[in-house]
Number of protein chains: 2
Amino acid sequence: MVTLKMLAKELNVSISTVSKALNNSEEIGEETVKRVKELAELYNYKPNKVALSLKNNKTKTIGVIIPNILNRFIAKVLFGIETEAAKHGYNIITCISNESLVKEKESLQLLASGSVDGFILSVAEETQINNEIEHFKQIIKQGLPIVMFDRVAHDVMCDKVIVDDFDAIYNATKSLIKEKRKNIAFISNINDLSVGKLRERGYNKAILEQGKQEPLVLKIKKKKDDHQKIIKNFFKENKTIDAIVAADSSSGIIALNTAINFGLKVPKDVSVIAFASKSDSNHTLPKLTTIRQHAKAMGISAAQMLITRMQNLPANPDVKTKIVKTSIVKNKSTL
Amino acid sequence: MVTLKMLAKELNVSISTVSKALNNSEEIGEETVKRVKELAELYNYKPNKVALSLKNNKTKTIGVIIPNILNRFIAKVLFGIETEAAKHGYNIITCISNESLVKEKESLQLLASGSVDGFILSVAEETQINNEIEHFKQIIKQGLPIVMFDRVAHDVMCDKVIVDDFDAIYNATKSLIKEKRKNIAFISNINDLSVGKLRERGYNKAILEQGKQEPLVLKIKKKKDDHQKIIKNFFKENKTIDAIVAADSSSGIIALNTAINFGLKVPKDVSVIAFASKSDSNHTLPKLTTIRQHAKAMGISAAQMLITRMQNLPANPDVKTKIVKTSIVKNKSTL
DNA sequence: TTGAAAGCGCTAACAT
DNA sequence: ATGTTAGCGCTTTCAA
C-alpha cells in the first residue's frame with residue numbers, strides 16, 4: 001500500500017503537507033496541492049482505513065450477528081442491512097451464531113474489541129431458550145449500540161425492528177374463517193422461537209374467538225423429523241382439514257404439495273396461507289398465498305436506526321421499537 | 001474501551017510492562033504479571049483490534065464479495081467461508097455486488113485500502129457479460145490474494161474453487177437416457193452466467209452423443225419473465241417431453257410442479273433432475289432428484305486456500321483450481 | 001525486572 | 001505556505 005510518507009518523500013515535502021493537500025486544506029498552496037494530487041492519483045493512493053479507524057476511534061463498520069444465513073428471511077434482512085450500510089459508507093462484518101449461544105457471545109465479544117461501531121443482530125435460538133441477555137447488556141454498557149431484529153430480547157434496552165407476528169397470523173386465520181373454512185390447522189416448524197410462539201397465539205386467538213372448532217396445531221421439531229412425512233401423517237389423521245395456516249415457508253409449501261398429492265384441490269378443498277417470500281410462492285402450483293415480512297425493508301430500517309444512534313453519540317436513553325407491518329399477498333392457494 | 005495505558009496508570013507501571021505481562025513475557029516478574037493479569041481480568045481488557053491491525057499490518061479479516069445473498073447456493077458457500085474463517089480467527093466483511101460491475105469494483109477498492117488481508121468472491125453477472133477483469137488483476141498486483149468460487153474469471157491468475165458443471169449435467173442427462181427417455185429438455189434460468197453456459201454444453205453433448213433427439217432448450221430471461229408461465233407454455237408446445245434437466249433449482253421445481261399440474265405422473269411420465277439443494281428437494285412431491293454442489297464444502301475450501309496463501313506471504317506464483325465434484329442425490333422424481 | 005522510545009498511517013494543533 | 005509534533009493503542013527493541 002502506498003502511504004502518505006511515500007508520497008511526501010517523493011515530493012520532498014512533509015507528510016502533513018501531503019495530508020492537508022489531499023484533504024483540500026486552505027493552508028496549502030495551489031501549486032503544491034496540484035502536484036500532490038497528481039502523484040496520489042498516479043499511485044492510486046487511498047488512505048489506510050485501519051489508521052483512520054485508530055485515529056478517529058470509529059471503524060465505519062457494523063457488526064451483524066445472525067443465527068442462520070440459510071434462512072431466506074434472514075438473508076434478505078442482511079441484504080437490506082448491507083444495502084443501507086453501503087449507502088452510508090459503512091461496511092458490515094457478518095458473524096453466524098448458528099443458533100448457538102456460545103458462538104453468539106464470542107462473536108459479540110470479538111467484534112466489540114474495536115472492530116465495529118455497533119451491532120445489528122437477531123437472537124440465536126439457544127439464547128432465546130435459555131433466556132440469556134447479560135452479554136447484550138454488557139456490550140451496551142461498553143457504549144456500543146445494538147439494534148435487534150425479528151427475534152429480539154425484550155428485556156434488553158435497545159432499538160428493535162420486529163414484525164407484527166401476532167396480528168399477521170390472527171388476520172390470516174380470520175381471512176380463512178371468512179372463507180367459511182371449518183377446520184383450520186396451524187403448522188409450525190419454529191415453535192421454539194419467540195416469533196413462532198407469537199404466531200401460534202395469533203392463530204389460537206382467531207380460532208377461539210370464532211368458537212366453532214378447537215385449535216388444531218402441528219409442531220414440527222426441526223431437523224430431527226422428516227418434515228414431509230410428518231405433514232402427510234397429520235393430513236391422514238385429520239381428514240377434515242380444509243385450511244392451513246403455516247408459520248414458516250417450508251411448512252406451507254409442503255402442506256400445499258401434500259394436499260395436492262392426496263388428490264385434494266387447492267384452494268377448492270383446502271386453502272393454504274403461509275409466512276413466505278415471493279419466490280416461495282412461485283415454487284408451488286397454484287401459487288402460494290403468503291404473509292410477506294418485507295425483510296429487506298426491515299434490514300434497511302435496522303441499519304438506519306443503528307447509524308442514527310451511532311452518530312448521536314451522547315447515548316440517548318430512549319429506545320425505539322419499530323414494527324414493520326406484514327402484508328398478505330393473495331395468490332391462488334386461497335379463495 | 002479499556003486500554004493498556006489505563007491499566008498501566010492504575011498499577012503505576014509502564015505501558016510496556018503491562019503489555020509484556022499480558023503476553024507472558026519472561027522479562028516480567030511473577031508478582032507483577034499476576035497483578036497485571038488480575039486487573040486486566042477485572043476490567044475485561046481486550047486488546048484493541050484496530051491497533052493490532054495497524055501494528056501488524058494485517059487485519060485478520062477476509063473480504064467476501066458476492067453477487068447475491070438471496071441465492072441459496074451462494075448463501076451456503078458464505079456459511080462455509082464464515083465457519084472456516086472463524087475457526088482460524090478470521091472475520092469476514094461481506095459486500096454484495098448485486099450483480100453489478102460498478103458495485104463490485106467499488107467494494108473491491110474500498111476493502112483493499114487496508115480493511116482486509118485477502119478476498120473470496122464470485123464474479124457478478126455484469127462483470128461476466130462484459131468480460132472485465134482489470135479490477136481483479138489490480139488487486140492482485142497490490143499484493144492482496146483473491147480466491148474465486150463458482151463464477152470465476154478464468155483469465156485472472158488466482159486460486160479458484162469451481163464445480164464440475166459440465167460433467168454434472170452431462171452425467172445427469174446420460175442417466176435420463178439410460179431411463180429410456182426419448183425427449184429430454186433442458187431448462188435454464190442462468191444462461192448469462194459462465195456456469196449456465198457450461199451446463200448447457202454438458203446437456204448438448206449428452207444429447208448429441210446419443211443422436212436420437214435434437215437438443216430441446218428453454219432459456220428463461222431472469223426477472224422480466226413469469227417463470228411459471230414460460231414453463232407452462234413450454235410444456236404445451238412440447239407435449240412429448242418425458243424428462244427435464246434443470247440448470248437451476250427454480251426451473252426444476254417449477255417444471256416438476258407444472259408437470260403434475262398437467263396431470264402427468266412424476267417420474268412415470270416425466271423425470272425431473274435439477275441443480276438444487278436438499279431443502280429444495282423436500283419442497284416438491286415427489287421429492288426432487290438433485291445435483292448437489294456441496295456449497296458449504298466449497299466455502300470451506302475457498303477459505304482454506306485463501307488463508308494458506310495469506311500466511312505464505314512470498315506470493316507463490318502457482319495458482320490452484322479446485323474442482324469440487326457434484327453428486328447426484330436420487331429422489332423420487334426420476335426412475 | 002522495568003521503562004523509554006520508536007513506529008505502524010493518519011490527522012490536527014501548534015510552530016515556523 | 002509548510003513543517004514539527006503529539007497522539008490514537010499496541011508491540012518491540014534497546015537502555016537503564
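Labels below follow one simple rule: chain letters A, B, ... track the order of the sequence lines, proteins then strands, and each chain is numbered from 1. Any value given below was found using the heavy atoms of this structure, including those in side chains, with hydrogens, waters and symmetry copies removed.
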Side chain of Leu52(A) - closest among dC10(D), dT11(C), dG3(C):
dT11(C)
Could you say whether Met1(B) or Glu27(A) is positioned toward the 5' end of DNA chain D, judged by the nucleotide with the nearest heavy atom to each?
Glu27(A)
Grab the CG-C1' distance between Leu7(A) and dG9(C) for me, whole Å please.
12 Å
Is any side-chain nitrogen or oxygen of Lys5(A) closer than 4.0 Å to OP1 or OP2 of dC8(C)?
yes
With heavy atoms under 4.0 Å as the rule, sort Val13(A) into base, sugar-phosphate or nothing.
sugar-phosphate
Could you check whether the side chain of Ser14(B) and the base of dA4(C) have a donor-acceptor pair of N or O atoms closer than 3.5 Å, going by distance alone?
no
Send over the distance from Leu22(A) CG to dG9(C) C1', rounded to a whole Å.
13 Å
Should the pair Lys105(B)-Glu132(B) be classified as a salt bridge under the 4.0 Å nitrogen-to-oxygen rule?
yes
Of the candidate nucleotides dT11(C), dT1(C), dG9(D), which contains the atom at the shortest distance from the side chain of Thr32(B)?
dT1(C)
Taking atom C1' of dG9(D) as reference, at what distance in whole Å does atom NZ of Lys46(B) sit?
16 Å
Look at the side chain of Ser19(B) and the base of dT12(D), then say whether one donor and one acceptor between them are separated by less than 3.5 Å.
no
In this structure, how many angstroms lie between the P atom of dG9(C) and the OH atom of Tyr45(A), rounded?
10 Å
Roughly, in whole Å, what's the span from CZ in Arg35(B) to C1' in dT1(C)?
13 Å
Heavy atoms only, 4.0 Å cut-off, all strands: where does Thr3(A) land among base, sugar-phosphate and nothing?
sugar-phosphate
By nearest atom, which of the nucleotides dG9(C), dT2(D), dG3(C) is closest to the Thr17(A) side chain?
dT2(D)
Residues Asp117(A) and Lys60(A) bridged, charged N to O under 4.0 Å:
no
Any N or O donor-acceptor pair under 3.5 Å from the base of dG9(C) to the side chain of Lys55(B)?
no
Expressed in angstrom and rounded to an integer, what is the separation of Lys58(A) atom NZ from dG9(D) atom C1'?
18 Å
Looking at dC10(C), I'd like to know if its phosphate oxygens (OP1 or OP2) sit under 4.0 Å from a side-chain N or O belonging to Lys49(A).
no
Run Met148(A) and Val123(A) through side chain to side chain contact (heavy atoms under 4.5 Å, CB included) and show every step you take.
CA-CA 8 Å; Met148(A) 297 185 179; Val123(A) 179; 4.2 Å; yes
Specify the residue among Asn56(A) and Asn12(B) whose closest nucleotide of DNA chain C lies further upstream toward the 5′ end.
Asn12(B)
From the candidates dT11(D), dT11(C), dG9(C), the one with an atom nearest any side-chain atom of Leu4(B) is dT11(D)
Specify the separation, in whole Å, of atom CG of Asn57(B) and atom P of dC10(C).
11 Å
Distance check needed: dA1(D) C1' versus Glu31(A) CD, whole Å only.
13 Å
Checking dG9(D), dA4(C), dT11(D) against the side chain of Ile15(B) (C-beta onward), the nearest is dT11(D)
Once rounded to the nearest 0.5 Å, what's the spacing between atom NZ of Lys46(B) and atom CG of Asn44(B)?
3.5 Å
Pairing of Lys34(A) and Glu31(A) as salt bridge, 4.0 angstrom limit:
no
Compare side-chain N and O positions of Asn23(A) against OP1 and OP2 of dT11(C) and report whether any pair is under 4.0 Å apart.
yes
Under a 4.0 Å N-O cut-off, is there an ion pair linking Glu99(B) with Arg151(B)?
yes
Minimum-distance nucleotide to Lys20(A) side chain [options: dG3(C), dG3(D), dG9(C)]:
dG3(D)
